[in-house]
Each structure stands twice: as structure tokens, then as C-alpha cells.
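To keep things clear, I will list the structure first and then write my remarks on it.
Numbering of residues begins at 1 and proceeds along the displayed sequence. Because only heavy atoms are used, hydrogens play no part in the values below, and waters and symmetry mates are left out as well, while side chains stay in.
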Amino acid sequence: MRTRSDLVTAINAIDWDDPRQCADNSRTTLRRLADNRELFTDLVHTIGREPYRLARCETHPIISRLCLAEGPHSLWQLRLHVFPDGERDLTPHDHKYPFAVHVVSGGYVHVWNRRTGKRQTGEFSSHDVSPGIVTVERPTTGYLLANSLVHQTALGPETITLFLRGPVRHQRWHAASDMQGAMNGFEAPPQDGGAYRGSAPMTVPEYQSLVGALAKRAIINPGRPS
């Protein structure tokens with residue numbers, strides 16, 4: 001995989017309805033991108049001259065998201081996730097899409113929960129889930145998480161990940177209903193469809209500052225972002 005076109009072709013070939021193929025292909029694609037320093041750097045540096053991708057970048061108190069690429073009709077989105085030190089995501093939650101992750105730096109303790117209630121999707125409380133597997137994610141490791149699975153993370157310092165979001169399967173994501181007070185005001189979207197708090201569009205100065213920090217930490221090659 002040498003070019004952005006190669007990357008897009010590889011991601012478009014992922015079958016999100018075939019878990020085994022999806023896990024193998026997404027893991028391989030993200031690893032090859034992480035290993036291709038020039039392509040990785042170019043995807044970050046060129047966001048500034050592509051207004052659509054810049055508009056898709058976000059800041060949040062617990063994460064900054066850079067949009068590296070996106071598929072037709074937003075079928076998938078490839079992002080770089082940059083976490084501030086000391087943050088954790090201890091409230092059990094699911095996602096409205098399947099996604100694949102490749103750890104670039106740092107790492108985290110990852111708790112995969114089992115749903116023990118009658119429902120395998122949708123709303124749940126802490127009484128409806130039980131810890132199943134606990135893994136330690138380190139640089140170069142990766143995984144695939146289905147949208148119905150419930151997980152928690154406790155991040156280590158300087159954690160950065162490549163995050164490949166698949167097709168949206170549900171209208172919103174969910175968090176344990178009796179633990180949302182632990183989310184510091186960034187609780188899951190309400191049932192009435194209202195927006196959840198926390199995320200904001202990334203400004204150009206914020207983008208430039210983040211790119212500079214990535215270069216300083218040797219995550220990408222140095223250079224002035226476009």
C-alpha cells in the first residue's frame with residue numbers, strides 16, 4: 001500500500017458483514033498504513049487544504065479526532081484519535097457502528113463486557129453486563145469491535161490510535177444508564193434524539209497545533225501542514 005488510492009481501495013474491499021474477513025483485512029490495512037510513514041504523514045498534513053476533511057475533525061475533552069479519509073456516502077471513516085493523558089472511559093458503552101483500531105502509541109487496558117440481560121442491543125444498565133475479557137492494548141496491536149459489544153477503556157499516557165469506523169448500524173450509541181453520572185457531563189445521546197454534549201468542530205489553529213505536537217512526538221514526519 002503506497003498511495004491514498006491504494007488505501008481507499010483496501011478499505012472499500014472490507015466486508016463489514018463478514019466478521020472474520022473484516023477483522024483480518026481491517027487489521028492488515030491499518031498496520032500497513034501505520035508502517036507507511038510518508039502516506040500516514042501526508043494524510044495528516046493535507047487535511048488543512050481539504051475543507052471537507054477539516055470540517056469532519058473534532059475536539060472533545062477526552063479525545064481529538066482527525067479525519068484521514070472517508071468512504072462514499074460516509075460508509076466508513078478513517079480517523080486518528082489523540083487522547084489527553086490520564087483520561088479513561090470507564091462507563092460501559094457500545095457504539096452505533098463496528099470499528100477497527102490500531103494502536104500507534106501509548107496503550108490502554110480494555111474491558112470487553114458480555115450482555116447478560118435479555119437484550120443484546122440497545123439500552124442497558126450496569127446490571128445487564130458482566131466483564132468477559134480484559135486485554136492490554138499496546139503499540140502495533142489492533143482489534144475489531146462489533147457495534148453491539150459493550151466495552152470500557154483505561155488509557156495510558158500518550159495514547160494515539162488509528163480508528164476505522166464502519167457503516168452506521170444504529171441511530172445512536174448507549175452507555176450504562178445507571179453510570180452516566182461518571183461521564184462528567186458527556187453522557188450518551190438522550191432517547192429523544194437530542195445531541196450529546198462535548199464535541200466541537202476543530203478550528204484551523206487547533207488543527208495546526210495538534211499536527212505540530214504529533215511531529216514533535218515523532219508520530220508523523222516534521223513539516224508544515226497544508
Side-chain angles (χ1 to χ4, degrees), residues 26-27 29-45 47 56-68 77-95 99-113 131-145 149-165 173 175-176 179-188 196-203 205-223 225:
S26 61
R27 207 178 272 189
T29 298
L30 294 181
R31 184 182 68 250
R32 288 178 176 173
L33 173 59
D35 290 342
N36 188 333
R37 190 64 170 263
E38 290 188 7
L39 178 58
F40 186 12
T41 298
D42 181 70
L43 289 172
V44 173
H45 277 177
I47 290 173
R56 304 286 274 169
C57 298
E58 298 176 329
T59 60
H60 188 283
I62 65 172
I63 188 174
S64 294
R65 303 181 180 97
L66 291 178
C67 178
L68 303 184
Q77 187 181 74
L78 175 63
R79 306 194 293 242
L80 187 67
H81 284 183
V82 182
F83 299 90
D85 288 352
E87 287 298 337
R88 50 186 57 86
D89 210 349
L90 296 181
T91 303
H93 62 279
D94 65 8
H95 289 259
F99 66 88
V101 166
H102 177 92
V103 180
V104 177
S105 71
Y108 48 94
V109 177
H110 192 190
V111 181
W112 304 56
N113 293 281
I133 301 173
V134 178
T135 61
V136 178
E137 310 296 348
R138 297 185 176 93
T140 73
T141 65
Y143 60 88
L144 173 72
L145 197 80
L149 294 180
V150 176
H151 71 148
Q152 301 158 268
T153 59
L155 286 93
E158 299 188 347
T159 297
I160 298 174
T161 64
L162 283 167
F163 182 98
L164 177 59
R165 186 266 294 165
W173 54 276
M179 294 181 63
Q180 293 200 31
M183 299 180 76
N184 299 318
F186 308 116
E187 57 274 348
Y196 66 98
R197 294 176 285 171
S199 292
M202 185 176 291
T203 66
E206 287 172 333
Y207 158 70
Q208 293 174 335
S209 176
L210 182 58
V211 172
L214 292 172
K216 186 175 181 180
R217 291 167 55 181
I219 301 299
I220 60 173
N221 295 332

Seminar exercise, completed: Contacts of Pro131 meeting side chain to side chain contact (heavy atoms under 4.5 Å, CB included) (sequence neighbours excluded), chain-then-number -> Val111, Asn113
For this session: Give a yes or no answer on whether the side chain of Thr159 reaches the backbone of Gly107 with a donor-acceptor pair at less than 3.5 Å.
Result: yes
Exercise. Say you draw a straight line from OG1 of Thr91 to NE2 of His151; how long is it, rounded to the nearest 0.5 Å?
Worked result: 11.0 Å
For this session: Can you see which heavy atom on Ser105 is nearest to which on Pro139, and at what distance?
Result: CA-CG, 4.0 Å
Seminar exercise, completed: Heavy-atom nearest pair, Met202 first then Ser64, reads CE-CB, 4.2 Å
Seminar exercise, completed: Heavy atoms of Val44 and Tyr207 approach each other most closely as O-OH, 2.7 Å
For this session: Please examine the side chains of Leu164 and Val101, heavy atoms only from C-beta on, and report whether any two atoms are closer than 4.5 Å.
Result: no
Exercise. Do the side chains of Val82 and Leu210 get nearer than 4.5 Å, heavy atoms only?
Worked result: yes
Exercise. Is the closest side-chain heavy-atom distance between Asp94 and Leu149 below 4.5 Å?
Worked result: no
Exercise. Can you find a heavy atom in the side chain of Cys57 that is under 4.5 Å from one in the side chain of Ile47?
Worked result: yes
Seminar exercise, completed: The reported gap from OG1 in Thr29 to CG in Leu78 (rounded to nearest 0.5 angstrom) is 9.5 Å
Exercise. Under the side chain to side chain donor-acceptor pair (under 3.5 Å) rule, what pairs show up with a residue in residues 131-143, not counting sequence neighbours?
Worked result: Tyr108-Tyr143, His110-Glu137, Trp112-Thr135, Thr135-Glu137, Glu137-Thr141
Exercise. Does any non-hydrogen side-chain atom of Leu80 lie less than 4.5 Å from one of Ile160?
Worked result: yes
Exercise. Regarding Glu206 and Ser209, is there a side-chain donor-to-acceptor distance under 3.5 Å anywhere?
Worked result: no
Using a 3.5 Å cut-off and no angle test, enumerate the donor-acceptor pairs between side-chain atoms of residues 213-222 and protein atoms at least two apart in sequence or in another chain.
unit_1: Arg217; atom_1: NH2; unit_2: Glu158; atom_2: O; d: 3.1
unit_1: Asn221; atom_1: OD1; unit_2: Arg37; atom_2: NE; d: 3.3

For this session: May I ask you to test the Leu162-Phe40 pair for a side-chain heavy-atom distance under 4.5 Å?
Result: yes
Exercise. So do the side chains of Val211 and His45 get within less than 4.5 Å of each other, counting heavy atoms only?
Worked result: yes
For this session: Over all heavy atoms of both residues, which pair between His95 and Trp173 is shortest? Give the atoms and the distance, please.
Result: CA-CB, 3.9 Å
Exercise. How long is the span from the CG atom in Leu68 to the CZ atom in Phe163, to the nearest 0.5 Å?
Worked result: 12.0 Å
Exercise. Roughly how far, to the nearest 0.5 Å, is NE2 of His81 from CG of Leu155?
Worked result: 11.5 Å
Seminar exercise, completed: Sequence neighbours excluded, the answer for side chain to side chain contact (heavy atoms under 4.5 Å, CB included) partners of Arg56 is Tyr52, Cys67, Glu70, Ser74, Gln77, Arg165
